[in-house]
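Everything on this sheet refers to the single structure shown next.
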Amino acid sequence: MDITDIATPDFVEVDVDKRLGKIRAIFERENPRGIVVTEEGEYVGIIGEKQLVRSRMEDDTKASVVMKSAPRVDRHEDVRETARMLVEGDVNVAPVFEGEKLYGVISSDTILDAVLDNLDAISVGDIQSEDIVSVSEKSHVGQAINKLREHGISRLPVVDDDSGKLTGIVTTHDLVDFVVRDDTRQGRGDRRGDLDRMLDLPVYDLMSSPVVTATPAETVDEAVERMFENDISGLVVTSTESDAEVQGIVTKTDVLRALTFTEEESMDVQITNVSLLETLTRQEVVESITSVVDKYQQMQVLHAHVRFHEHKEKLRGTPLIQCQIRLRTSHGQIAGSGEGYGAEHAFHVALDKLERNVLELKGLNADEKYRGQLIRKLGEL
């Protein structure tokens with residue numbers, strides 16, 4: 001299946017010199033999935049909601065400052081490859097070209113809607129992220145923003161300070177609406193003030209509650225339909241519908257990533273923020289992960305996801321990079337993460353952690369096998 005019939009020529013276009021105040025008004029009025037930025041009629045980038053979560057960016061800031069590069073997609077590109085390009089580019093919308101001419105855009109929602117009927121073969125538990133980053137009700141809005149930036153995520157489950165149980169959720173959309181667009185907006189406590197005071201407000205004042213959730217056993221098509229029905233991009237995963245213990249998060253990006261899973265013998269590796277690779281190549285990433293996995297021959301890796309995230313901190317001009325490696329295997333999910341100056345350093349720190357986790361799993365399974373053999377032998381006495 002290709003995207004010929006699902007790419008749309010309807011999109012919002014702004015010039016690189018367009019002021020941020022006007023762009024925010026467009027988001028509020030039209031709620032687009034993204035905005036195409038052009039210079040003298042030529043495509044130069046896109047602006048998504050993530051780019052607007054800049055707490056101190058003034059309304060007269062130009063579009064060129066906040067725009068992000070997105071992959072150019074051919075109008076006849078395969079839908080799986082398009083999904084991969086969106087995930088690796090860390091964008092929800094990308095420009096679609098017919099030859100050298102900008103035809104329109106393709107969004108993650110459009111792709112998911114087109115393949116919805118094929119998503120009943122996998123469960124939420126197969127693709128959910130188990131690296132949970134949460135925030136307490138009493139945490140300040142500024143702290144929530146920092147967590148979203150630090151981990152490169154779009155939503156934070158809000159938990160009770162005492163019990164740790166799920167009570168709400170705060171997303172980048174909530175923060176854009178509350179902090180960025182209008183510093184005279186009210187929280188649930190009817191509080192007003194300047195930006196500094198707003199950043200000191202408790203998360204409780206703007207979290208959404210009750211939370212829309214999913215369970216690990218549900219099929220992915222059910223989860224995506226619920227996202228569409230509630231106009232949200234992710235669900236908190238709990239063991240049951242009534243349970244308040246957070247087990248993970250499943251997002252539209254996780255579903256897009258699942259579309260790229262293959263049945264090929266070679267490992268399918270996906271890299272988010274591939275532009276940060278610098279001296280590393282995709283082939284080197286694949287070979288390094290393969291060498292770790294080969295230490296446990298019984299494990300079949302169905303999919304590997306490597307994610308890079310750049311922090312503001314630098315050392316002699318080299319940025320601090322966070323790397324996360326997550327494997328979807330025949331033995332469940334295994335992950336490793338780490339930080340370093342430059343993508344190559346960060347990747348090898350994360351790879352080292354992944355190797356320790358793989359070997360630990362190997363040891364646990366060996367212990368289980370030994371215990372099983374011992375029990376059988378005792379039963380024969």
K147 vs V133, side chain to side chain contact (heavy atoms under 4.5 Å, CB included): CA-CA, chis, key distance, verdict: CA-CA 8 Å; K147 280 196 172 185; V133 180; 4.2 Å; yes

Verdict with reasoning, H345 to E339, per side-chain hydrogen bond (donor to acceptor under 3.5 Å, both in side chains): CA-CA 8 Å; H345 182 200; E339 293 184 342; over 6 Å; no

Worked check of side chain to side chain contact (heavy atoms under 4.5 Å, CB included) between T171 and S154: CA-CA 6 Å; T171 68; S154 60; over 6 Å; no

L102 and F11: CA distance, side-chain angles, deciding distance, side chain to side chain contact (heavy atoms under 4.5 Å, CB included) verdict: CA-CA 11 Å; L102 178 62; F11 58 94; 3.8 Å; yes

Verdict with supporting geometry, K18 and E13, salt bridge (Lys or Arg N to Asp or Glu O under 4.0 Å): CA-CA 10 Å; K18 191 82 168 181; E13 180 180 329; over 6 Å; no

Worked verdict on V212 versus R226 for side chain to side chain contact (heavy atoms under 4.5 Å, CB included): CA-CA 8 Å; V212 184; R226 194 170 306 135; 3.6 Å; yes

side-chain hydrogen bond (donor to acceptor under 3.5 Å, both in side chains) between T238 and Q247, worked out: CA-CA 5 Å; T238 57; Q247 289 197 348; over 6 Å; no

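Proximity of a side-chain donor or acceptor of S233 to a complementary backbone N or O of K252 within less than 3.5 Å is not detected. One N or O on the side chain of T290 and one on the backbone of V286 form a donor-acceptor pair closer than 3.5 Å. Distance alone, capped at 3.5 Å, places no donor-acceptor pair between the S209 side chain and the V211 backbone. In terms of modelled atom types and a separation under 3.5 Å, the side chain of Q143 and the main chain of H140 share a donor-acceptor contact. Under the 3.5 Å distance criterion, the side-chain polar atoms of E225 are left unmatched by any main-chain donor or acceptor of E222. With hydrogens and angles disregarded, a donor-acceptor distance shorter than 3.5 Å links the side chain of D126 to the backbone of S123. Side-chain N or O atoms of K68 include none that pairs as donor or acceptor with a backbone N or O of G45 at under 3.5 Å.
Between L166 and P157 the shortest heavy-atom distance is CD1-CB, 3.9 Å. Nearest heavy-atom pair across Y103 and T8 is CE2-C, 4.2 Å. Across all non-hydrogen atoms, the minimal contact from S69 to V91 is O-CG1, 4.3 Å. Taking each heavy atom of V170 and V158 in turn, the nearest pair found is N-CG2, 3.9 Å. Here the closest heavy-atom approach between residue S107 and residue L86 is recorded as C-CD1, 4.2 Å. Nearest heavy atom pair, residue A258 against residue I127, reads CB-CG2, 3.8 Å.
Grouping the Ile, Leu, Val, Met, Phe, Trp and Tyr side chains by contacts below 4.5 angstrom, directly or via other members, places M1 with V224. Following chains of ILVMFWY side-chain contacts shorter than 4.5 Å, one cannot reach V349 starting from I321, and the two form parts of different hydrophobic clusters. Hydrophobic clustering places M67 together with I26 (ILVMFWY residues linked when any side-chain heavy atoms are closer than 4.5 Å, directly or through intermediates). Clustering ILVMFWY residues whenever any of their side-chain heavy atoms sit less than 4.5 angstrom apart, transitively, puts I122 in the very cluster that holds I111.
In this structure the side chain of V220 never reaches within 4.5 angstrom of the side chain of D120, judged on heavy atoms. Contact of the L327 side chain with the I289 side chain is registered, since non-hydrogen atoms from C-beta on lie closer than 4.5 Å. Looking at T219 and L119, their side chains never come closer than 4.5 Å, going by heavy atoms from C-beta outward. Side chains of Y341 and P319 form no contact here, defined as non-hydrogen atoms less than 4.5 Å apart. Side-chain contact between F347 and E284 is absent, with no heavy atoms from C-beta onward closer than 4.5 Å. Using a 4.5 Å heavy-atom cutoff, the side chains of D221 and D117 are not in contact. Using a 4.5 Å heavy-atom cutoff, the side chains of I106 and I6 are in contact. Looking at D74 and V96, their side chains never come closer than 4.5 Å, going by heavy atoms from C-beta outward.
Salt bridge status for D254 with R326: present, with a side-chain N to carboxylate O gap under 4.0 Å. Looking at R282 and E287, no side-chain N of the basic residue comes within less than 4.0 Å of a carboxylate O on the acidic one, giving no salt bridge. A salt bridge does not link D160 with K165: every distance from a Lys NZ or Arg NE/NH1/NH2 to an Asp or Glu carboxylate oxygen is 4.0 Å or more.
Checked by atom type, the side-chain pair S139/S136 shows a donor-acceptor distance below 3.5 Å.
Atom NZ of K353 has 12 or fewer heavy atoms from other residues, nucleotides or ligands within 6.0 Å.
The CZ atom of R307 sits 10.0 Å away from atom SG of C323, with the distance rounded to the nearest 0.5 Å. The OG atom of S288 lies 12.0 Å from the CG atom of D352; values are rounded to the nearest 0.5 Å. Taken from CD1 in I169 to CG in L156, the straight-line distance is 8.0 Å, to the nearest 0.5 Å. Atom CG of residue L256 and atom CZ of residue R84 lie 12.0 Å apart, to the nearest 0.5 angstrom. The OG1 atom of T251 sits 9.0 Å away from atom CG of L235, with the distance rounded to the nearest 0.5 Å. Here OG1 of T82 is found 4.5 Å from CD of E77. Values are rounded to the nearest 0.5 Å.
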What pairs of donor and acceptor atoms, side-chain ones from residues 269-277 against any protein atom, are under 3.5 angstrom apart with sequence neighbours left out?
{"residue": "Q270", "atom": "OE1", "partner": "R257", "partner atom": "NE", "Å": "3.2"}
{"residue": "Q270", "atom": "NE2", "partner": "T260", "partner atom": "OG1", "Å": "3.1"}
{"residue": "T272", "atom": "OG1", "partner": "H305", "partner atom": "NE2", "Å": "2.7"}
{"residue": "N273", "atom": "ND2", "partner": "F308", "partner atom": "O", "Å": "2.7"}

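Looking at residues two or more places apart in sequence or on another chain, you find a side-chain contact (heavy atoms from CB on, under 4.5 Å) between T279 and E344. For D78, the side-chain contact (heavy atoms from CB on, under 4.5 Å) partners two or more places apart in sequence, or in a different chain, are R80, E81.
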